[in-house]
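First the structure, in the form of structure tokens, and then the observations on it.
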Amino acid sequence: MATETRSEQQTETKAPNTFEQLIELGRDNGYKLDWFITRETLGDSIEAEADRGGLLLHEIDRAEAAETADWSNNLTGRPRGAIERPAAPRVGNYSIRTKSDVWLKNGAQLYEEAVQRQWSSSVDIPWETIEELPDEIERAECQLATFLTEVEFVAGDVPGKWIAETTPEYYEPRMFLISQIMDEARHMDVFRKRVFANGGGLMGQTTNVALSGGAIDSARDFTEMSARLHISGEGLVLSIFRMGELMSYNEAEKAIYRLAASDESRHVAFGVMHLQYLAQTDPSRAEEIHSYLDEIELGLVIGAGGQNPATRGTASNSALAILLGGGSDPASMAEGENIALAVRQRQVKEYIQRVRVAGFGDRFENGRANAALTEYVNA
Ligand SMILES: [Fe+2]
Ligand SMILES: [Fe+2]
């Protein structure tokens, strides 16, 4: 009742009609009302349409909030489109303030897709379908899952620092990277669960993953990092996940690879779309990008960089051969190696396709690309 009385009194005292009167009312009563201004989007409401996916991030930005300049001086954490406060401290001091350094078309759409396709390793994997496996198969599964747990740690660890380095003017790629880190946390947990789910245990840390993680992390430029992570590392793993049916022994493992592949394809798409934007907007960086691709191709053909579990001579490759061939006897492992060759071929073909989409396919026609790629494709 007391509230009603006070409200009635206020109405009787003064009803402000203009912005100036409102400011005066605030001054008289000790309220700070100078923020209470009209923005150009007032009255321009947006309908959420269920058949188009609801209220989508890429459909809400209006007026200056929708504008992304090629360069930003926003160092203060001001949301894109918000009114500048000159006294704001430079809390961010972001190193990425050039749009082409981080941007991609459809970044908000990729983020929305990530949000819609979240899954849970607790309830979306039919763990009850895992039954006792022959000892060598279980140990190979545990070795591969140990390797993948390490790989997923790198994939979640490395993008993190770039979020805080990017000005909020380019919030879409920032938010996508945040969603990627959530995805990678889930991948880390699902492979860890697989390790223990059937009475196994974590096997040895692989020698090369920490090294390759360090190499990706040493990048001082976002695009360099993205090429090594999204195009190379995640591209290689995606091709393997897509062939997960071949190395699965139950519906749980099939579901793990299928769901992880769906996430990885989004992360790889981010890298491809970013490279494509860069190719279209900053041709001066083309030669530099080709040098990253030179490095990636060495990883594809000889396993340099340590990101590829299908590279011969590694623990994860032997584990793959046992899983693909169905046993650790010489005949089964030889059969597994043959199937692993098909995995490597798929990795190369999918890599070539991604580079073409990104706009750097000229390297496959002008002799720049590693010659051994062709041998893989034709093998
Ligand atoms: Fe992952
Ligand atoms: Fe990933």
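Here the structure is a predicted model, which is why all the values come from computation and not from measurement. Ligands are counted one by one from 1 in listed order, and the atoms in each one are counted from 1 as well.
- Atom ND1 is the N, O or S atom of H187 at the shortest distance from the Fe ion (ligand 1).
- Judged by distance alone, the side chains of D282 and S284 do bring a donor and an acceptor atom under 3.5 Å apart.
- Residue H267 does not count as close to the Fe ion (ligand 1), with no N, O or S atom under 2.8 Å.
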Going through the distances and angles, do H290 and E287 end up as a side-chain hydrogen bond (donor to acceptor under 3.5 Å, both in side chains)? CA-CA 5 Å; H290 277 297; E287 188 58 25; 5.8 Å; no
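- Residues passing the salt bridge (charged side-chain N to carboxylate O under 4.0 Å, His left out) test with R90: none are found, sequence neighbours excluded.
- Among heteroatoms of the N, O or S kind in E152, OE1 lies nearest the Fe ion (ligand 1).
- When you scan the N, O or S atoms of E184 for the one nearest the Fe ion (ligand 1), you land on OE1.
- Looking at R194 and E138, a side-chain N of the basic residue comes within less than 4.0 Å of a carboxylate O on the acidic one, giving a salt bridge.
- Between the Fe ion (ligand 1) and E234 there is no N/O/S contact shorter than 2.8 Å.
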Would S332 and D329 count as a side-chain hydrogen bond (donor to acceptor under 3.5 Å, both in side chains) if you check the C-alpha gap in whole Å, the side-chain angles of each, and the deciding distance to 0.1 Å? CA-CA 5 Å; S332 299; D329 59 284; 2.6 Å; yes
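- Minimum-distance N/O/S atom of E264 relative to the Fe ion (ligand 1): OE2.
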